[in-house]
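A short worksheet on the structure shown next.
Note that the structure is predicted; figures quoted are calculated from it, not measured.
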Amino acid sequence: MSDRETQPVERQLPTDEARDLLALVRDIAQREIAPKAAEEEDAGRFPREVFTLLSEAGLLGLPYDPEHGGGEQPYEVYLQVLEELAAARLTVGLGVSVHTLASYALATHGTKQQQVEHLPAMLGGGLLGAYCLSEPSSGSDAASLRTRAVRDGDDWVLSGTKAWITHGGIADFYTVMARTGADGPRGITAFLVPGDAEGLSAAPPEKKMGLKGSPTAQVHLDGVRVRDERRIGEEGQGFGIALSALDSGRLGIAACAIGVAQAALDQAVTYATERRQFGHPIADFQGLRFLLADMATQIEAGRALYLAAARLKDAGRPFAKQAAMAKLHCTDTAMRVTVDAVQVLGGYGYTADFPAERYMREAKVLQIVEGTNQIQRMVIARHLAGPESR
């Protein structure tokens, strides 16, 4: 029984170009990604060749300016691409989302010269990016980061440790937030650091319960020297850039979560219609039918929520609250749906012979990355009731 045996999701797409794009993504996912997913995740293998293929196909810069190698696709389309990739293998869908996040600062706040010099390779030249905000002692409280950048003539010297970095140790470039001024959010600046910079190294990848094919590692900056031309935005603007990037990145996580949930539902439906007990397919039993119906409804609601937020972003309207809601709801949905998928498969769901248990392990991390779901609730509440009284 394969990971993906059911009909593709019916999507409302704005253009014929978008429909052709989704057809291309599904073809790549079915031929190049899904067949190897279980084996490579079990072995902890990162599929760099898949990302090379995606770059060649123009899929690593979809929401950005075509002048610099981007695809000029609205987020409404880009997120549905992520969903398809994540349904085939979360390592790939999440990897594309993180690469897009790592490219955000330069694509939106870089100078024209910086964009001309760096973006074509980042968006369509086979490079892979990483985003460096979190540190061992500053996760949810990102504004307390300690990595420091000190001016030395026309250079900056960066020292510190970043933590929980997706693509840590294998990325070709790192978007790094470092302290250039006083404590607090106004003292942080963004830098574009080459992956082969002298003094940059990575610890061994974390040993995780899921998403084993995607390397997550600490990144050490030991006197890394970068030219001032690699500073992104003004000094002290980095934290605002980081938060803006995360608003968009949270939509990427939401789409990936719905992809994982959809894959789990597809697996559960296929199994339930094939598995027979008491002379009938188990899908005939009302208790299980209701469970499948609830799973499908939760997924459709999550998809509608992330697309509504994406359309606000595409229209140039505020969307931070809706992005937090989408991240919260979609990742919680992925957790519920994958747990239920394991239950549908019974004992088989608990074995590695079927992908349901992998989906469940992978869904958990999506409730944590790019702002835990407790942080999302804080963001939403601030939009509703204003900042907390201290």
Side-chain angles (χ1 to χ4, degrees), residues 62-63 74-87 90-102 104 131 133-134 139-143 164-166 210-211 214 216 239-264 295 297-314 317-339 359-385:
L62 285 176
Y75 253 68
E76 174 186 2
V77 174
Y78 158 67
L79 294 178
Q80 294 187 77
V81 169
L82 284 187
E83 184 190 328
E84 291 282 346
L85 293 173
L90 182 58
T91 285
V92 176
L94 183 70
V96 173
S97 181
V98 167
H99 175 84
T100 303
L101 178 69
Y104 177 92
Y131 179 80
L133 177 62
S134 294
S140 296
D141 183 16
W164 310 111
I165 305 306
T166 302
L211 206 62
S214 176
T216 305
F239 195 67
I241 293 173
L243 293 186
S244 178
L246 286 174
D247 285 339
S248 299
R250 285 165 180 162
L251 292 181
I253 299 301
C256 286
I258 293 302
V260 172
Q262 184 69 54
M295 293 162 70
T297 301
Q298 292 163 15
I299 290 170
E300 287 291 345
R303 183 176 292 121
L305 187 57
Y306 87 64
L307 286 174
R311 290 174 185 131
L312 286 175
K313 175 176 169 56
D314 290 334
R317 297 171 59 188
F319 70 99
K321 178 181 71 174
Q322 289 80 3
M325 288 176 169
K327 199 274 185 183
L328 169 64
H329 177 83
C330 292
T331 58
D332 281 354
T333 288
M335 195 70 249
R336 286 192 300 270
V337 167
T338 55
V339 168
Y359 298 147
M360 185 180 75
R361 289 185 287 107
E362 290 176 342
K364 185 61 208 175
V365 75
L366 299 175
Q367 295 178 302
I368 299 171
V369 297
E370 295 193 26
T372 67
N373 282 4
Q374 286 68 37
I375 290 294
Q376 305 313 313
R377 289 177 170 90
M378 290 173 62
V379 170
I380 296 163
R382 284 171 186 163
H383 280 278
L384 297 174

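- Partners of D332 according to the side chain to side chain contact (heavy atoms under 4.5 Å, CB included) rule, which considers only residues two or more places apart in sequence or in another chain, are L328, R336, Q367, N373, R377.
- L384 contributes atom CG, which lies 12.0 Å from atom CZ of R382 (distance to the nearest 0.5 angstrom).
- To the nearest 0.5 Å, the span separating CG on L211 from OG1 on T91 amounts to 4.0 Å.
- For V379, the side chain to side chain contact (heavy atoms under 4.5 Å, CB included) test picks out R250, A324, I375, H383, with sequence neighbours left out.
- For R361 against G210, the heavy-atom pair with the smallest separation is NH1-CA, 3.6 Å.
- Using a 4.5 Å heavy-atom threshold, the side chains of L94 and I253 count as touching.
- Listed by chain and number, the residues in a side chain to side chain contact (heavy atoms under 4.5 Å, CB included) with A254 are Y306, A326, C330 (sequence neighbours excluded).
- The shortest distance between side-chain heavy atoms of E76 and Q80 falls below 4.5 Å.
- The side chain to side chain donor-acceptor pair (under 3.5 Å) test applied to T166 returns no partner, not counting sequence neighbours.
- Put simply, the side chain of K327 gets close to the backbone of V369: a donor and an acceptor are under 3.5 Å apart.
- With Y359 contributing its side chain and A334 its backbone, the two residues share no donor-acceptor pair below 3.5 Å.
- In this view, Y78 and Y75 satisfy the ring pair (Phe, Tyr, Trp, His ring centres under 6.0 Å) rule, not counting sequence neighbours.
- Between atom NE2 of residue H329 and atom CD of residue Q298 there is a gap of 7.0 Å, rounded to the nearest 0.5 Å.
- With sequence neighbours excluded, the residues forming a side chain to side chain contact (heavy atoms under 4.5 Å, CB included) with A86 are L90, C256, listed by chain and number.
- Residues that satisfy the side chain to side chain donor-acceptor pair (under 3.5 Å) test with S244, not counting sequence neighbours, are Y104.
- Annotation: the span from L246 atom CG to I241 atom CD1 amounts to 12.0 Å, rounded to 0.5 Å.
- When all heavy atoms are compared, the tightest approach of A323 to A309 is N-CB, 4.2 Å.
- L79 and A310 get closest at one heavy-atom pair: CD1-CB, 3.6 Å.
- Legend: residues meeting side chain to side chain donor-acceptor pair (under 3.5 Å) with D314, ordered by chain and number and at least two apart, are absent.
- Q322 is linked by a side chain to side chain donor-acceptor pair (under 3.5 Å) to nothing, counting only residues two or more places apart in sequence or in another chain.
- Note: I299 CD1 to Q262 CD = 5.0 Å, rounded to the nearest 0.5 Å.
- A pairwise comparison of heavy atoms in D247 and F319 identifies O-CE1, 3.7 Å as the closest pair.
- Applying the salt bridge (charged side-chain N to carboxylate O under 4.0 Å, His left out) test to residues at least two apart or on different chains, the pairs with a partner in residues 362-376 are R358-E362.
- In this structure, L82 and V96 approach most closely via the heavy-atom pair CD2-CG1, 3.6 Å.
- For the residue pair L85 and G93, the shortest heavy atom distance occurs at CB-CA, 3.9 Å.
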